[in-house]
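First up is the structure itself, then whatever we jot down about it.
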Amino acid sequence: MNNISRIQKNIEEIRRNIPDSVELLGAVKTRSVDEVQAAFDAGMRFFGHNYVQEAQAMISEVEFKASWHLIGHLQRNKAKFAVELFDMVESLDSLRLAKELEKRCAEAGKKMPVLIEVNSGREENKTGVMPEDALALADWLNGCEFLRLSGLMTMGPLTGDPELSRPYYKETKRLAEEIGSLHLENVRMDILSMGMSNSYQVAVEEGATLIRLGTVIFGTRYP
Ligand SMILES: *Cc1c(COP(=O)(O)O)cnc(C)c1O
């Protein structure tokens, strides 16, 4: 089977194993335009990229329209380009970045849905806001005119065993409920972006509405 049919078969298989209400996002770092096109042809409508420049090249090359999400850490000096390129920023990980994005969205006259990336494992060298800081950031975002907080995203610690990811997904879901219960006027907790190739089943069990998949769709990443 060639690469393209394998990608399409992988997507169909994953689709069969998760509820229709869960959206798939193709995590496309290092992938080729042909691979991304194959995923689109198999019904994928959400794509995530980690890097602004690579995403820019890819989005200008593909011939389809889809929703592009930024899923990697964003440096503030690239916020302007991110605003031009992406339909959603899932990796909002600090108040300073939120301020910069709000400013750039205002300049562009563009409304931008964002997710707060939560450092659910409280790992020192990881991006994302600490769970206890998410409420304050949500409250600040509630006052934004251009940014629209739409949910939470988390990676969680890298574990071999998907069961070990469960507590971090539970914690993120709990946090989304807590923020939701504040009934902030401009805030929705509609999206829970969690789960990757090795852990998406557990993430779906814990309430993920969007799962970000690379390896199980496109194969092992080299390098
Ligand atoms: C690469 C990546 C994924 C997908 O990882 P896989 O293990 O290949 O499925 C998901 N989320 C983020 C933020 C990523 O960088």
Side-chain angles (χ1 to χ4, degrees), residues 3 6-15 17-18 22-32 35-36 38-40 42 44-59 66-75 78 82 85-94 97 113-123 125-129 134 150-166 168-169 172-173 191-223:
N3 203 14
R6 189 171 306 110
I7 288 168
Q8 301 191 337
K9 185 180 132 280
N10 290 343
I11 291 174
E12 283 160 23
E13 209 164 286
I14 293 162
R15 264 270 151 250
N17 291 318
I18 59 166
V22 176
E23 300 279 10
L24 302 185
L25 174 143
V28 302
K29 56 178 176 279
T30 78
R31 307 302 176 176
S32 72
E35 291 174 297
V36 173
F40 179 84
M44 182 82 72
R45 290 296 176 269
F46 296 91
F47 294 91
H49 215 304
N50 297 65
Y51 312 110
V52 172
Q53 264 143 326
E54 282 85 338
Q56 202 157 25
M58 179 164 281
I59 293 170
S67 182
W68 288 88
H69 294 193
L70 180 65
I71 60 174
H73 175 67
L74 178 62
Q75 290 167 307
K78 295 192 180 142
L85 271 183
F86 291 100
D87 302 293
M88 182 185 288
V89 174
E90 294 198 18
S91 44
L92 180 59
D93 58 7
S94 72
L97 177 60
V114 296
L115 309 181
I116 295 177
E117 182 182 349
V118 179
N119 183 350
S120 55
R122 297 166 195 273
E123 295 170 281
N125 46 10
K126 276 270 181 76
T127 53
V129 305
S150 305
L152 304 181
M153 183 270 243
T154 199
M155 297 271 285
L158 271 184
T159 63
D161 177 359
E163 269 308 316
L164 298 177
S165 298
R166 193 181 293 279
Y168 305 106
Y169 297 153
T172 306
K173 166 83 176 172
I191 303 176
L192 260 187
S193 174
M194 48 189 204
M196 300 170 38
S197 286
N198 80 330
S199 61
Y200 70 88
Q201 271 127 339
V202 170
V204 167
E205 285 165 21
E206 296 305 331
T209 67
L210 181 66
I211 54 181
R212 306 180 311 272
L213 305 174
T215 311
V216 277
I217 289 173
F218 301 106
T220 308
R221 239 181 341 265
Y222 308 99

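Counting starts at 1 for both ligands and their atoms, in listed order. What you see is a predicted model; the values in this text were computed from it and never measured.
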Check your understanding: So, do W68 and F86 have ring centers that fall under 6.0 Å from each other?
Key -> no
**Study point:** Per-atom contacts of ligand 1 with K29, taking only distances under 4.0 Å to non-hydrogen atoms
**Key:** 1 (C), 2 (C), 3 (C), 14 (C), 15 (O)
Check your understanding: Under 4.5 Å between any side-chain heavy atoms of L92 and L97, yes or no?
Key -> yes
**Study point:** Contact (N/O only, under 3.5 Å) between G214 and ligand 1
**Key:** yes
Review point. Can you tell me if S165 and S199 form a side-chain donor-acceptor pair at under 3.5 Å?
Key: no
Review point. Does a side-chain heavy-atom distance below 4.5 Å link N10 with L213?
Key: no
**Study point:** Set of residues satisfying salt bridge (charged side-chain N to carboxylate O under 4.0 Å, His left out) with respect to E206, sequence neighbours excluded
**Key:** R166, K170
Revision key, fill the gap. For T215, the atoms of ligand 1 under 4.0 Å from one of its heavy atoms are 6 (P), 7 (O), 8 (O), 9 (O)
Review point. In terms of atom number and element, which parts of ligand 1 are under 4.0 angstrom from non-hydrogen atoms of S197?
Key: 6 (P), 7 (O), 8 (O), 9 (O)
Exercise for review: With sequence neighbours excluded, tell me which residues meet side chain to side chain contact (heavy atoms under 4.5 Å, CB included) with N125.
Suggested key: E123
Check your understanding: Quick one: which ligand 1 atoms are inside 4.0 Å of a heavy atom on R212?
Key -> 4 (C), 9 (O), 10 (C), 11 (N), 12 (C), 13 (C)
Point to revise | Distance filter under 4.0 Å to N50 heavy atoms, resulting ligand 1 atoms | key: 14 (C), 15 (O)
Practice item. Could you tell me whether ligand 1 has any atom less than 4.0 Å away from a heavy atom of E90? Key: no
Check your understanding: Hey, which atoms in ligand 1 end up nearer than 4.0 Å to a heavy atom of L213?
Key -> 9 (O)
Review point. In the protein, which heavy atom is nearest to atom 5 (O) of ligand 1, and how far is it?
Key: M196 CE, 3.4 Å
**Study point:** S67 side chain reached by M88 side chain, heavy atoms, under 4.5 Å
**Key:** no
